[in-house]
Structure formats: C-alpha cells, structure tokens
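Here is how names work: the chains are called A, B, and so on, in the same order as the sequence lines, proteins then strands, and each is numbered from 1.
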Amino acid sequence: MDINKNPFHVRTSEQVGSDTRFLGLFGPSVLQALPDEKLWNRLMIYRSTPGAGKTSILRLFTPGALRALHQHREQNTVQHLALQLEQWGVLGPEGPRVLGVLLNCEQQYAALRDIANDEVRRQRCFLALLNARIILAALRGALVLAGGEYPREVGDVTFEVDLEDPAVRAGVEALGGTTGAALYERACAIERSICMALDDLSADGEEAPEGHADLWSLYILGGKTRVANRIVSDRSVVMFDDLHLLHSTQRTLLRNLLTGHTLGVSRWVAERWQGLEPEEIVAPGAKEERDYELVRLDGWADEGAARLTRFEKIVTDVANRRTRDSTVMQAEALHEDAFRSFLQELGDAPPKPEELAKIVSTARERVQSLTGASPRYRGWLGKLEKRRAVTLELAQEWRAVEILVQRDLARRQRELFADAELPTKELDARGSSGIQAAAELFLARENKLPYYFGARRLAQLASWNIEQFLDLAGEVFDLALTAVILKKTAKATPRKQDEIVRTASKRLLAEIPRRVPSGGDVLNLVRAVGAMSQRETHRPTAPYAPGVNGFAVSMVDLERLRSPTIRRQLAGADQLLRALSSALANNIFSAEFNYRCKGKLWAVFYLNRLLCPAFELPLHYGGYRERKLTEVIQWVRGPAGNVLFNELELDTPD
Amino acid sequence: MATHDLRWHSYVLERDKGFHSFWRQRSAESGTRILVIAGLGFDPRMPRGIEALVACQNEGAVDAWLIDYDEGELSPSRQYVEHVERNRTRATSLITSTGGTVRSCTIPMVEDERKVGGRRVAQLATAEDLAPYTDVVVDISALPRSLYFPLLGQLLKIHDRTRNQGRHAVPANLHVVICENPQLDARIQEELSERADYLPLFSGQAALTQDQDIPRIWAPVLGEGQGMALQRIEQLIKATGKAPEICPVLPFPATDPRRGDRLLLGYRQLFETWEVELRNIIYAAEWNPFDVYRQLCRLHDRYRDALQPLRGAKMIVSAHSSKLLSLGVLLAAHNREIAVAHVEVDGYVMQNPPQEDENGEMYEIWIAGEPYGA
C-alpha cells in the first residue's frame with residue numbers, strides 16, 4: 001500500500017504519527033479563528049460539527065508538536081505558524097514555553113456511572129480518573145519538552161505550586177505530592193483501580209473507589225514546570241477533546257469546575273454540537289455566554305460574502321500541502337498552486353465538435369419551438385442567431401433565453417400588447433447571473449455534461465468542513481496519482497471530477513442512517529428537502545434561479561418547536577426536533593437563524609452541499625423555500641417526496 | 001507457537017444434519033436438562049434454534065429465558081414489534097409443549113443517556129440459577145453482539161470460577177447455537193450509535209493511559225459495509241495512545257473465494273489512511289469460529305513475545321462479520337484477555353420485512369463442559 005499512498009486520506013489530528021509531518025500538513029490559517037487576547041485566562045470552548053479542525057488545533061499545542069515546531073521553525077512551511085505562536089508566547093527563543101496537556105473524553109468516562117450507586121460517589125470517581133489522567137499526561141508532556149524518557153525519568157519532574165493556597169495543599173495531598181515520582185505512582189494506582197472496577201460486573205456498586213472531591217490536578221499545574229531543575233514551561237494548558245462524549249452530568253460538572261477564575265492553569269475544551277440539548281442546537285446563541293469564550297470553528301455562516309473566498313483559500317493551502325507531501329507527486333508538486341493544477345476546467349476538455357454542435361442546435365430549437373412565429377421574441381433570437389462560434393457559452397445563452405421566454409409566456413397574457421416585439425436591451429435587463437447559473441445547471445442535466453468540477457465548486461462542496469474537503473479532494477488526487485504512476489499527465493478531467501462528486505454525494509446520502517443519530521428520520525428529512533428543492537429548481541421558469549437547496553421555517557415556528565409544551569401538543573414535533581438537531585450537529589444541514597426576509601425572521605436550513613449533486617441542485621446559498629412547521633413535521637414522519645430524475649440508489653457503502 | 005495452551009485447540013462444532021443428530025443423541029442421555037437462552041428480536045431466525053432443539057427432544061422439558069431487549073422508544077426496530085410478538089408466541093408455545101417454563105428477561109439497552117444492555121445482561125445469570133441444568137444453550141441468532149459477548153463472557157467466567165473452586169462447574173455444559181443465513185444478515189442494516197467503546201468484561205485494560213506507550217495491535221474481523229464502525233473503533237483506540245498496528249482478518253477459505261479480495265478493495269481508502277501493511281493481513285475460514293480463534297491467539301502471542309522489551313503489546317479485536325466468526329473473536333478475547341471494541345447499535349432496519357418462514361443453517365458449538373474435561 002506504500003506505492004500510491006494518498007496524503008489526502010490522512011487526518012492531521014489523528015492519523016499523522018510524526019509531529020513533524022503533522023506540522024507540514026497543518027494549515028495555519030485555521031488559527032485565525034482564535035481570539036488571541038483571551039486564550040489563556042478564560043475557559044475557551046471550541047465548538048463545531050465533526051471534521052472542522054478542533055483536534056488539529058489542540059494537537060498543535062501538545063509538547064511533541066511544539067518541540068518539532070521549534071526545531072524546524074526556520075523552514076518555509078512552518079515559519080508563519082512559528083511566528084504566530086511566538087506572538088502568543090507559546091514559543092520562546094529557546095523552545096516551547098507552554099505545557100499542553102491533552103485529554104480525550106472518549107475513554108470510558110460515561111461508563112463510570114455504573115460503578116457507583118450514588119451521584120456523589122460517581123462524581124468523585126469521575127474527578128479522580130480525570131485527575132490521574134491529567135497528571136499522567138502532564139508528566140509525559142514535561143519529559144517530552146525536556147527531551148527525557150517517560151516513565152523512567154518522571155522523578156525529575158517538579159510542578160511549582162503555591163502551598164500557601166489551601167486548595168493547592170488539598171490537591172497535593174490527594175495526588176501524593178508535587179514531585180513526579182510521587183504523582184506518577186498515585187495517578188497510576190487511581191487509574192488502575194477505577195478501570196478494574198469498571199470491568200467487574202459482579203460488584204454491586206457499594207465498593208467503588210473513594211474518588212476525589214475536586215479537579216485537584218489543575219491546582220498542581222497552576223505554575224511553572226521543572227525537569228531536573230530546568231524550567232520547561234511557564235504555564236500549562238489543559239485541553240479536553242470531545243467533551244460531548246461525557247455524560248451530561250459530567251459535562252456540567254466539568255464545565256463548572258473549569259470556569260473557576262482563580263485557576264492558574266489555562267483550560268480549553270473542544271466539543272461537537274451533539275453535546276448540547278436539541279433545543280440549544282436548533283437556536284444557538286440563545287443562551288448568554290459569560291463564563292467562557294466560545295469559538296465556533298464552523299461559524300462561516302456569519303461571515304458574509306467573503307466567506308467562500310476565505311474558505312477556498314484555506315482549503316487550497318491545505319490541498320497544496322498534502323500534494324507536496326506525496327512522494328509520487330514530487331515532480332508535479334513543484335507548481336506553486338500544486339493541487340489546482342490537476343483540475344481541468346471545461347475549456348481544457350470541451351465536448352467533441354459534433355457533440356457541441358448538437359447541444360447548441362438543440363438549445364436553439366427548443367427556444368424556436370417555444371416562440372413559434374411570434375414576432376415578440378424576434379429581436380432576442382436575432383441577437384443570438386448572429387453568433388457564429390459554436391461554443392458551450394452559446395448553448396448556455398440559448399438556454400438562458402429559453403428560461404426568459406418561459407417567464408415571459410407565463411405573464412404575457414396579462415399584457416395589453418402581447419405580440420409587440422420586445423426590445424433587445426430587454427433581454428439583458430431581464431437576464432441575471434442567477435439565470436445564467438440556472439441555464440448552466442439545466443444544460444448540464446439535459447446533455448449529461450459535467451457540472452460539479454473545478455476548484456471553487458470543490459470548495460463549495462466541502463460545506464465549510466475541512467474533512468469533507470479532504471475526502472473529496474483525496475478522490476480527485478487519486479486520479480492524478482494513478483495518471484502519474486501510469487506515466488501520463490496528472491490531470492483530472494471535468495467529467496471525472498463530476499463523476500467522483502456524484503458518487504460521493506450518493507454515498508453520503510446512503511450513509512446517513514448509519515452515520516448520524518435518528519438517521520432514518522434525518523434521511524426522510526433530507527430526501528423530502530431534496531425532492532422539494534429539485535421540483536422548485538427545475539421548473540421551466542427557474543423562478544428561484546439558480547435554484548433551491550434548503551428550506552426555512554419562521555423563527556416563530558422554530559420557537560414553537562423548541563417549546564416542550566407545544567411539542568407535547570404537536571404530534572411528530574419531538575421527532576422533528578431530534579432529527580433537525582442531529583442533522584445540524586452532524587453537518588447534514590447548516591443553518592442561518594434570524595434571517596430577515598419579507599418582513600419576517602426566518603431560520604434557514606441548507607442541505608450539506610455534498611448532498612446537492614444527488615438531487616441535481618446548485619451549490620450556492622440563498623435559495624430556499626419557506627415552509628410551515630406542520631409540513632416539515634410531515635416530511636420527517638412520512639415517506640420521502642418524489643424525486644423527478646436522478647434515481648437515488650441507497651446501497652450500503654463499502 | 002505451542003498449541004497446548006489454546007483452550008479450544010480441540011473443539012466440538014456441528015452443522016446442519018450433524019446439529020440434529022448431535023442434539024437427538026444428547027437429549028436421549030439420561031438426566032439431561034436443557035436451558036435455552038435466546039434473544040427475543042424481530043429476526044425470523046429467532047425461534048429456529050428452539051424449534052430444532054425441541055424437535056430433537058424425546059420427552060424431557062426444555063426451559064427458556066427469552067431476552068427481551070428494549071432499544072428505547074427512538075429505535076427504528078420498533079416498527080417490527082409485531083414480528084417480535086410473533087416470535088415470542090412461537091417460542092413460548094414450543095417450550096410449553098415440552099412442559100418447560102419460559103422466563104422473560106427485560107433488558108434495557110439505554111438508560112441514563114448511555115448504553116447499558118451489555119452490563120445488564122451479564123448480570124442476569126448467577127451460578128444458583130444455572131445449577132439445575134446439565135446444558136445451557138445460548139442461541140445468538142437474534143441477539144446483538146453487545147449482548148451475547150458479555151453474556152457468554154460472564155457464563156464462561158462463572159463456569160471457570162466454579163470449576164476452579166473444585167465444585168461441579170456451572171453451567172456444566174455451555175453451548176452456542178446459531179442459525180446462519182448470510183443473505184438475511186445482509187438485509188439487516190444497523191443504525192450505529194455515535195461512538196465506539198470496549199464491551200463490558202472485555203476492556204482488557206486497553207483504556208489505561210499509563211500504558212499509552214505500549215504498542216497496540218488491532219485485529220478487525222472484516223465483513224461488508226462496516227467502514228463507519230471501523231472508523232469509530234480506530235478513533236477509540238487512538239484516544240489512549242498512538243495509532244495501532246492493524247491486522248485485518250479476511251474470510252478465506254470462503255464460499256465465494258473472492259470475498260476477501262472484494263473486502264480489501266472496499267476498505268482500500270481506510271487502510272491507506274491507516275497505513276495498513278499488506279503483510280499484516282490474516283486469513284481465517286469463513287465457517288469455522290475456531291479458526292478465527294486460533295489465528296487471533298497466535299497473533300496475540302506473537303506480538304506479546306516479540307514486543308516483550310517494550311512491555312509487550314495490548315491487543316484489541318473487533319467483530320464485523322458473521323455470528324460464527326464473531327464467536328471466534330469472543331473465544332480469543334476470553335482466552336487471552338484481549339479487549340473487544342464495538343460500536344453499539346441504536347436499532348435495525350430491514351430491507352424487505354422479515355418473513356415468517358425464513359430459515360438458515362443450524363450450527364452447534366460446544367464451548368465448555370464435558371469435552372474439555374469439566
């Protein structure tokens with residue numbers, strides 16, 4: 001499998017073994033989301049859907065990554081990153097100044113509720129296990145910063161603490177001291193005893209370990225860290241990844257403890273939206289956030305028109321880094337914009353001349369048969385008839401005229417002089433970029449031309465999610481890779497790109513029931529929205545050009561959905577709330593709340609852009625249809641709406 | 001590797017006609033008292049094991065515990081409640097026709113926001129309850145992995161403990177029966193929960209962060225359509241350490257000789273992501289759980305010995321294939337204290353509703369008792 005290794009399939013945060021390689025693949029632009037002035041003193045909560053880059057950010061601050069960054073800080077690929085961390089005080093001239101302690105909440109914490117009968121004991125076991133693991137991770141990290149060997153040299157580690165502080169004294173007592181050896185021994189014993197209790201099914205819950213009353217480890221990490229009398233860090237940051245995996249009582253307890261203002265240690269938390277109650281997910285921002293700083297890593301919806309350009313820039317940077325990482329691609333990857341150079345545009349690989357001629361003539365004939373002998377459109381048609389070059393652009397213009405004629409036919413009956421010739425300038429006045437875009441989409445569908453291709457559309461299809469982009473770009477990169485191995489030019493034609501996208505789209509749709517909670521209901525919702533959008537998009541008059549790919553409910557209706565009292569009275573409302581929150585938390589839908597339109601406020605829910613190809617929909621934002629809450633409830637409860645074309649095959653993936 | 005420390009080096013495995021003749025003969029022995037523990041699901045194979053055992057019975061009564069697992073009100077399996085009831089009626093009438101009794105055991109799968117079915121089912125059986133029976137038969141045809149792994153693990157534990165205490169082993173004989181039908185299996189789609197975890201009794205201390213530096217070996221026993229589950233398990237394993245060395249187990253020999261190749265192609269992208277070495281791939285017979293068992297034990301012992309200077313290795317297995325092969329995983333995990341990672345299921349959806357007359361091939365696997373010197 002080494003021959004054609006595809007670096008796009010590697011996840012920086014998780015799969016990249018070597019810290020140096022991780023840094024090479026890490027796109028520093030994602031750090032722009034971090035508020036630098038608040039990083040160290042307040043509880044920081046990084047929240048997003050899966051795959052937005054939370055874990056990568058946390059990993060950057062782990063001792064291994066920081067040490068590697070310091071060693072290679074002069075290299076081009078990491079220079080900017082090193083500079084940024086220098087400004088934040090994370091890197092000093094001699095090396096890292098921060099001890100990052102990363103803890104994953106995946107590990108059995110929720111199951112701790114089984115080993116004790118009463119709530120207090122359960123909490124104490126939870127805190128004890130957290131304390132043990134924080135200390136073990138801190139000891140390991142300190143030795144990495146010092147270049148020592150874990151666990152052989154844990155005796156060399158000392159945490160500077162203020163023993164005047166009673167909380168610190170209590171922590172030191174509970175965890176066995178401030179020296180590495182004592183802390184290590186106690187932490188290992190605590191962790192072992194709790195994990196053994198978890199596996200003992202004959203226990204009745206009365207003999208659970210004693211546990212801890214507080215997150216004592218944070219008091220121990222409040223100061224500087226020494227290894228063999230050398231200071232290796234000025235401050236520590238304790239980072240909890242995947243907080244949403246904890247039991248709700250554990251999450252609440254931990255958050256409360258972490259918001260403490262007297263703690264000397266910095267606290268970061270990364271979580272997915274799943275951690276919140278469905279009512280919170282479907283209207284984020286409703287709760288006032290005072291005790292912590294919330295960073296929404298997928299908060300692109302708030303950034304206005306520039307967001308696609310910025311996101312495209314970030315993913316292009318990521319793609320170029322991955323391309324350069326490929327050993328097979330070394331020669332090809334010299335290009336500054338390495339990844340984009342693989343992607344052919346339609347102009348690079350146009351249809352054959354005879355095929356093109358047929359497309360243009362069909363588009364023209366459709367308009368002619370629609371207008372018949374009416375003098376009304378003579379000027380419009382004449383303008384295009386003059387064009388001699390047979391190009392796709394011409395076909396698109398004919399298709400755009402067809403849309404305009406359809407619109408005009410729909411309203412001409414109301415006009416006094418229905419047969420009067422329309423001036424040519426009216427053609428430009430009535431046209432718009434939306435109609436041009438709809439014409440492109442219609443023409444592609446009617447002639448089986450590729451539509452989903454090119455760097456910008458790949459970025460759009462990522463739906464603001466870096467992992468989704470990597471999956472898609474990785475498949476395109478596979479094509480280039482195969483070509484290079486076969487000694488051909490590393491190019492992905494528009495048709496191939498389009499095929500890859502459509503396959504990925506159907507795969508994502510098919511995976512929904514297995515991938516997200518309440519998957520069956522979410523799939524019902526997606527199929528209904530997809531079918532509705534398809535009907536609205538492909539109407540002959542293209543009334544919402546370039547098309548529809550989402551729905552909206554009024555904020556009033558959304559508030560009703562959030563109200564438990566109203567949900568009790570409205571059959572299926574609970575089911576919809578669960579499905580909607582699950583779809584949002586897992587990036588199946590994205591939402592814009594309080595969107596003002598027609599004098600009302602709306603909550604707009606857009607399909608994940610990668611789902612659009614399965615329904616032949618455009619990728620832009622802004623195309624939605626308003627629906628009543630009762631209708632949306634029917635969507636989630638009932639069978640999916642009718643899809644006009646593109647038969648969906650819900651095969652099991654793999 | 002020496003094979004003498006393989007608990008199931010010699011084994012008893014019967015299928016089809018062999019199944020029926022085995023149970024006719026066994027039932028004819030004097031003093032035989034049989035308890036069947038079966039899952040009460042919508043799967044049409046649910047009553048098949050009881051039907052077969054009752055048909056082989058001459059005159060003695062057969063008792064049954066029906067595990068009625070409740071996946072919660074949100075489970076998509078709720079739509080098959082009629083099929084569950086039909087299976088309950090059928091199983092109950094079969095058991096009562098022998099003069100036996102039926103105990104209904106309700107197991108909540110979800111409680112207090114988390115999956116608890118495995119722990120609850122393992123706490124069902126006590127030595128006292130099982131002592132009257134000569135043969136305890138666990139029919140796993142309609143039981144999810146998250147239930148039959150802890151259940152069988154606990155029964156084996158009780159058996160070993162009572163035997164080691166010098167008493168009569170309880171249960172005296174432990175059998176597993178399976179009604180295998182790959183086509184039917186393929187129609188049942190799982191709705192996965194969001195995360196993987198180690199099964200109760202089978203954590204193998206894999207979650208200890210103090211052992212983070214000990215290399216981890218992960219052997220997924222592969223079947224079709226398991227990409228999502230594999231990804232979640234890999235994430236779980238990495239949460240306490242570096243990426244594991246992955247040794248996929250593919251079915252070969254198999255009814256379709258190219259099945260292993262197809263699986264390999266299907267998982268190509270995942271394996272590439274995880275940098276799986278081709279030389280790590282292991283093959284095990286598709287129909288023989290003891291072959292999987294042997295292969296996994298060998299793998300475990302080889303890594304344990306080779307990595308001794310690094311404090312050994314922690315092995316994790318996961319079952320993604322048929323119930324037969326999953327049983328092999330269970331036996332290896334029990335014998336070598338290997339961790340079993342698993343993604344719980346929120347419910348099942350069946351393509352085409354289950355039909356009453358759907359059947360499969362019966363397997364009998366005797367895993368503890370007389371043939372093993374107890």
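- Distance OG1/A:T55 to CD/B:Q235: 8.0 Å, rounded to 0.5 Å.
- Between A:S518 and B:D346, the closest side-chain pair of non-hydrogen atoms is not below 4.5 Å.
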Item checked: Stepwise side chain to side chain contact (heavy atoms under 4.5 Å, CB included) test for A:D478 and B:R268 -> CA-CA 12 Å; A:D478 262 341; B:R268 179 186 160 242; 3.9 Å; yes

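- Of the two parts of B:V343, neither the backbone nor the side chain holds a non-hydrogen atom closer than 4.5 Å to a non-hydrogen atom of chain A.
- Evaluation of the salt bridge (charged side-chain N to carboxylate O under 4.0 Å, His left out) rule for B:R120 yields B:E111 as partners, not counting sequence neighbours.
- For a residue to count as touching a neighbouring chain, one of its non-hydrogen atoms must lie under 4.5 Å from one of that chain's; by this rule B:Q231 does not touch chain A.
- In this structure, B:R114 pairs ionically with A:D114, as a charged nitrogen and a carboxylate oxygen lie closer than 4.0 Å.
- The parts of A:R192 that come within reach of chain B are both its backbone and its side chain, each placing non-hydrogen atoms under 4.5 angstrom from that chain.
- With rounding to the nearest 0.5 angstrom, the CG atom of A:L198 is 11.5 Å from the CG atom of B:L201.
- Residues A:A110 and B:R195 come closest through the heavy atom pair CB-NH1, 4.3 Å.
- Closest of all the heavy-atom pairs between B:R232 and A:R515 is NH2-O, 2.8 Å.
- Counting heavy atoms from C-beta outward, A:N104 and B:K238 have side chains that stay 4.5 Å or more apart.
- Both the backbone and the side chain of B:S203 have a heavy atom closer than 4.5 Å to some heavy atom of chain A.
- With values rounded to the nearest 0.5 angstrom, B:Q205 atom CD is found 5.5 Å from A:C195 atom SG.
- B:K157 approaches A:D199 most closely through the heavy-atom pair NZ-O, 4.4 Å.
- Taking all atoms of both residues into account, the shortest heavy-atom contact from A:D471 to B:Q269 is OD1-NE2, 4.3 Å.
- With a 4.5 angstrom heavy-atom cutoff, B:D112 touches chain A via backbone and side-chain atoms both.
- Residues that satisfy the salt bridge (charged side-chain N to carboxylate O under 4.0 Å, His left out) test with A:E149, not counting sequence neighbours, are A:R152.
- A distance of 11.0 Å separates CD1 in A:I512 from CD in B:E191, rounded to the nearest 0.5 Å.
- Note: A:R140 leads A:R140, A:M196, A:Q575 in heavy-atom pairs under 4.5 Å with chain B.
- In terms of modelled atom types and a separation under 3.5 Å, the side chain of A:E191 and the main chain of B:T209 share a donor-acceptor contact.
- Comment: B:E275 engages A:R21 in a salt bridge, judged by a side-chain N to carboxylate O separation of less than 4.0 angstrom.
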